[in-house]
Amino acid sequence: MINIIDYEMGNLRSVEKAFESLGFKVRVSADPQDIANADKVVLPGVGAFADCVRNLRNGEFVEPLLAHVEAGKPLLGICVGMQMLFDESEEFGRHQGLGLVPGKVVRFPAGMEEAGERLKVPHMGWNTIQLKQDAPIFKG
């Protein structure tokens, strides 16, 4: 069972339908206790980092999420959900994340270029990545 966390800041229906289309059994839940019974957890996110983290904390999702990860169970963050896994973010000030991934989410400079094109800030789109080490998510 994949538990998609409803903390009032995610694109829940899109994420739910994507996993269902791949044949997974999913549950969208606003109950933090459901995390303990989930095989896998998805943390979606749409909006500003600080608002998302606040809703996550106010909904009492942080401790069950940390326990889920400490138990060695998979957690997938999507969009801001992934950003919240880091130590902190610089979006609209400095805000503490969940600290599951060392590092911080930083704004790249306006006018930054990739492949000869100027990137807009805020930036939404596809980019290339360079792997520094193998990661299970990229296998297959």
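In what follows, every heavy atom counts, from backbone to side chain, and hydrogens, waters and symmetry copies are set aside.
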Tell me whether [Y] is reachable from [X] by hopping between hydrophobic residues (I, L, V, M, F, W, Y) whose side-chain heavy atoms are closer than 4.5 Å.
X	Y	value
Met82	Val101	no
Leu43	Val53	yes
Phe61	Leu75	yes
Ile78	Val41	no
Leu12	Leu65	no

Heavy-atom nearest pair, Pro44 first then Val15, reads CB-CG2, 4.1 Å

On a heavy-atom basis, the closest approach of Pro64 and Pro32 is CB-O, 3.6 Å

Got a second to check how far [X]'s [atom1] is from [Y]'s [atom2], nearest 0.5 Å?
X	Y	atom1	atom2	answer
Ile35	Ile5	CD1	CD1	4.0 Å
Leu100	Phe86	CG	CZ	10.5 Å
Ser89	Gln96	OG	CD	12.0 Å
Leu76	Ile2	CG	CD1	8.5 Å
Glu63	Arg57	CD	CZ	10.0 Å
Tyr7	Met84	OH	CE	3.5 Å

I would like to know whether Asp6 and Glu8 meet side-chain contact (heavy atoms from CB on, under 4.5 Å); could you show each step before the answer?
CA-CA 5 Å; Asp6 178 4; Glu8 300 180 3; 4.3 Å; yes

Does Met1 offer a backbone N or O that forms a donor-acceptor pair with the side chain of Asp39 under 3.5 Å? yes

| request: Return yes if some donor-acceptor pair links the side-chain N/O of His95 with the main-chain N/O of Glu90 below 3.5 Å, else return no. | output: no

- Starting from the C-alpha separation in whole Å, work towards a yes-or-no answer on side-chain contact (heavy atoms from CB on, under 4.5 Å) for Asp51 and Met9. CA-CA 8 Å; Asp51 294 336; Met9 296 297 287; 3.7 Å; yes

Practice item. Please tell me if the side chains of Arg27 and Asn3 come closer than 4.5 Å, counting only heavy atoms from C-beta onward. Key: yes

